[in-house]
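Here the structure is laid out as structure tokens; the discussion comes afterwards.
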Amino acid sequence: MSQKKLVILSGAGISAESGLKTFRDGDGLWENYDIHEVATIDAWRRDPELVLRFYDERRHQVLNVQPNKAHKAIVELEKHFDVHIVTQNIDDLHERAGSTNILHLHGEILKARSASDDQLIINWKKDIALGDHAPDGNQLRPHVVWFGEPVPAMYEAEKIVRSCDILLVIGTSLNVYPAAGLCYACPPEANRFIVDPNNLGLEEESFIHFQGTATEKVPQLVDILIQDFKNT
Ligand code: APR
């Protein structure tokens, strides 16, 4: 019997208990920074150094935290399901936990790319300064999708979600499109679950809500899914 396709749509909430701030919670990132000054293509044109410093700070934090129990529990699913992770996060915590099939919708903070060629991407764990150049001689920028920029991985992400048997939405406020639209793209017969301390009102979309934090609820949900798998 072919394995059921299980898709995870994750957001900043899954990394919160690792110590990475979310964007829109009480003390979230966007409480302390104006999105328009650090995370848009216009900000990059206006004050590239401020943008570089903002992402240097993000990169330092990612390099100093570890995957948590939620990231690790998800790895267990790969023994029983065809798991695809579609994450809005730019951290590498899913990778470091051991997940193997990850699509980053909004880029990856441990990669950098030429400001003139979005295909020229290199691994990069240091700060980026003005004057740091990509192999094509152009300024390096974080390999991150800024507001106002296209989301190149969206087409592939939609294809993945449209053919899933199970969808887990973990730690995202579903505020940012097109990513948020993915939670409505799964087949009508797919089983769908959401893990979040807050109620995002997806019940009418027949999501089963595991209300609580990722480290508390994701391991529980994983155990239930694996148990169900074994009983089928
Ligand atoms: N466990 C699970 N979920 C949590 C936890 C936790 N410990 N703490 C917070 N959450 C939930 C919040 O309730 C919220 O629904 O995580 C979600 C975080 O939402 P946002 O801060 O909006 O993060 P996210 O949805 O990933 O933002 C999407 O916005 O700024 C852009 O590009 C950025 O990828 C990001 C996108």
Side-chain angles (χ1 to χ4, degrees), residues 7-44 51 54-55 57-59 61-62 65-74 85-94 97 102-111 141-154 157 161 167-184 192-203 205 207-222:
V7 177
I8 289 154
L9 174 62
S10 66
I14 197 171
S15 299
E17 290 159 276
S18 291
L20 294 179
K21 278 188 173 182
T22 63
F23 293 92
R24 296 171 184 83
D25 286 312
D27 61 348
L29 270 173
W30 300 142
E31 294 297 309
N32 303 311
Y33 288 92
D34 177 344
I35 287 180
H36 302 96
E37 285 177 10
V38 292
T40 67
I41 188 67
D42 292 337
W44 173 250
V51 173
F54 175 72
Y55 285 98
E57 204 180 301
R58 306 276 69 67
R59 196 178 297 106
Q61 289 184 11
V62 167
V65 298
Q66 298 303 324
N68 62 49
K69 282 191 285 184
H71 297 105
K72 290 173 187 163
I74 286 169
I85 296 176
V86 176
T87 187
Q88 300 170 83
N89 299 340
I90 60 175
D91 64 54
D92 66 336
L93 296 178
H94 281 302
I102 303 159
L103 183 66
H104 284 270
L105 284 175
H106 295 159
E108 299 176 67
I109 193 59
L110 300 184
K111 291 181 179 170
R141 58 164 276 183
H143 178 48
V144 168
V145 176
W146 287 324
F147 288 94
E149 292 190 307
V151 181
M154 200 54 208
V161 175
L167 176 65
L168 312 189
V169 174
I170 304 173
T172 173
S173 64
L174 297 170
N175 261 301
V176 172
Y177 284 79
L182 288 170
C183 75
Y184 306 101
R192 55 203 85 180
F193 305 87
I194 181 159
V195 174
D196 201 297
N198 294 335
N199 191 333
L200 302 179
L202 281 177
E203 280 61 40
E205 298 290 337
F207 276 78
I208 298 171
H209 187 192
F210 279 61
Q211 185 151 10
T213 65
T215 58
E216 180 200 351
K217 294 297 178 185
V218 172
Q220 284 175 15
L221 176 51
V222 165

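Everything quoted here is computed from the prediction, not taken from an experiment. When a ligand or atom number is given, it counts from 1 through the structure's own listing order.
Annotation: side chain of Leu9 is not in contact with side chain of Val161 (no heavy-atom distance under 4.5 Å).
Among all heavy-atom pairs drawn from His71 and Ile14, the shortest one is CE1-O, 3.3 Å.
The residue from Leu167, Leu168, Ile170 that alone fulfils the side chain to side chain contact (heavy atoms under 4.5 Å, CB included) condition with Phe193 is Leu168.
Within 4.0 Å of ligand 1, protein heavy atoms belong to Gly11, Ala12, Gly13, Ala16, Glu17, Thr22, Phe23, Arg24, Asp25, Trp30, Gln88, His106, Phe147, Gly171, Thr172, Ser173, Val176, Asp196, Pro197, Asn198, Thr213, Ala214, listed by chain and number.
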(request) Carefully, step by step, assess Ser10 and His94 under the rule side-chain contact (heavy atoms from CB on, under 4.5 Å). (result) CA-CA 10 Å; Ser10 66; His94 281 302; 2.9 Å; yes
Please output the side-chain donor-acceptor pairs of residues 23-32 that fall under 3.5 Å, not counting sequence neighbours, one pair per line with the distance.
unit_1: Asp25; atom_1: OD2; unit_2: Thr22; atom_2: OG1; d: 2.5

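At least one test fails for Arg59 against the ring of Tyr55: distance under 6.0 Å to the centre or angle within 45° of the axis.
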